[in-house]
Amino acid sequence: MRSPSIRCDVVIQVRDDLRAMDGYHSAQVDVDVRLNTNESPVPPPDGFRDAVAAEVSRVEWHRYPDRAATALRAAIAEMHDVDPAQIFVANGSNEVLQTILLAYAGPGRTVATFEPTYQMHAQIARVTGATVVEGERAADFSLDPDEVDRIIDAHDPHVVFLTSPNNPTGLVEPPERVQQLLDRATGLVVVDEAYAQFADWSALDLVSEERPLVVTRTFSKTWSMAGARLGYLIGPTWLVSELEKVVLPYHLDAVKQIAGRLALRYIGDMNERVQQLVAERSRISDAMGAMAIDVFPSGANFVLFRPQAADGKTVWQGLVDRSVLVRDCSSWPRLANCLRVTVGTPAENDAFLTALDATLSTLTD
Ligand SMILES: *Cc1c(COP(=O)(O)O)cnc(C)c1O
């Protein structure tokens, strides 16, 4: 008799190319102060909750949502002063990226990234079956023009990713570097601007019908809406039409469409929060700079740092022991000993700085 614990007599194998892959990991540890995933430290304004609750009470739950997300796209388009047909919306900017890659990458095609950068670009590209080519950034983590030329000449990638401000380094790519990439690339250029509101310029002005360029944005960071999973891109209308073919029908539920549209009414509150976070970013950076730590300049809501005389992983653990969670980047290529801290509320940032100071003094005494 067969053992009852064996439920399946055929062991099926996942795709060969997926078998070798790791999933995306970010440690989830139960701590008081969570500064590891670059969310907003504060919830959306109270008025937003009430407005969403009122509209959600009138949702026609038995009907499919507006497939074209007309009202939400119109509101986003108005904010950016573009045509609604230039906006594609999905469940988080990660789904926007996935849809781009399903449409323009996939088996037999090549996707380029410049490392170190946001790991999901390469990850999602590989899941679609594309070949990923990883270029290297310069020593200061900016785009290296010669490396851009080398990658494009050697591989002629169908899709090239650029993250500005870059994650996890925080670096804002100078406009002339983005322009150089645009001039050289023959495929689609994706500028991931998840942190655009914290930076001093955006590639949005470069978007036009004549150029294969898209800029992606998210509600997860600045808009205090990571729980909703909403992101979008601004790009040429012909490209948006192609993406509409690829994405699942009714992918964006009615509640999310409401929440996204109403959030945009609170842009004033959002801008105020951005100002506060930028001020706190300077305060944390200065405080760490006074602590035997190398601090990388940031145009985002997080700061990458490297303790000079202590092992990064040990510092990460020291912070966890003091109930503060930051992102451990110390095992990533080019980021030996580096950690990344999200800018939190002033109280959270104080807790982080105190824990960091205490950790470093026990390690270096
Ligand atoms: C956080 C982040 C995103 C956001 O993804 P969502 O799916 O919208 O939550 C996208 N790109 C970068 C570079 C990020 O850091």
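All ligand and atom numbering here is 1-based and tracks the order in the structure. Count residues from 1 along the sequence.
Under the 3.5 Å distance criterion, with hydrogens and angles disregarded, no donor-acceptor pair is assigned to the side chains of Asp357 and Thr354.
Figure legend: cation-pi geometry between Arg137 and Phe114 absent, as NZ or CZ is not positioned both under 6.0 Å from the six-membered ring centre and within 45° of its axis.
Aromatic ring pairs are classed by plane angle as parallel below 30°, tilted from 30° to 60° and perpendicular above 60°; the pair Phe141 and Phe296 is tilted. The aromatic rings of Phe198 and Tyr195 sit tilted, their planes meeting at an angle between 30° and 60°.
Atom CZ of Arg63 is surrounded by 12 or fewer heavy atoms from other residues, nucleotides or ligands within 6.0 Å.
Contact residues for ligand 1 (protein heavy atom closer than 4.0 angstrom to any ligand atom): Gly92, Ser93, Asn94, Tyr118, Thr163, Asn167, Asp192, Ala194, Tyr195, Thr218, Ser220, Lys221, Arg229.
No salt bridge links Arg34 with Glu39; every basic N to acidic carboxylate O contact stays at or beyond 4.0 Å.
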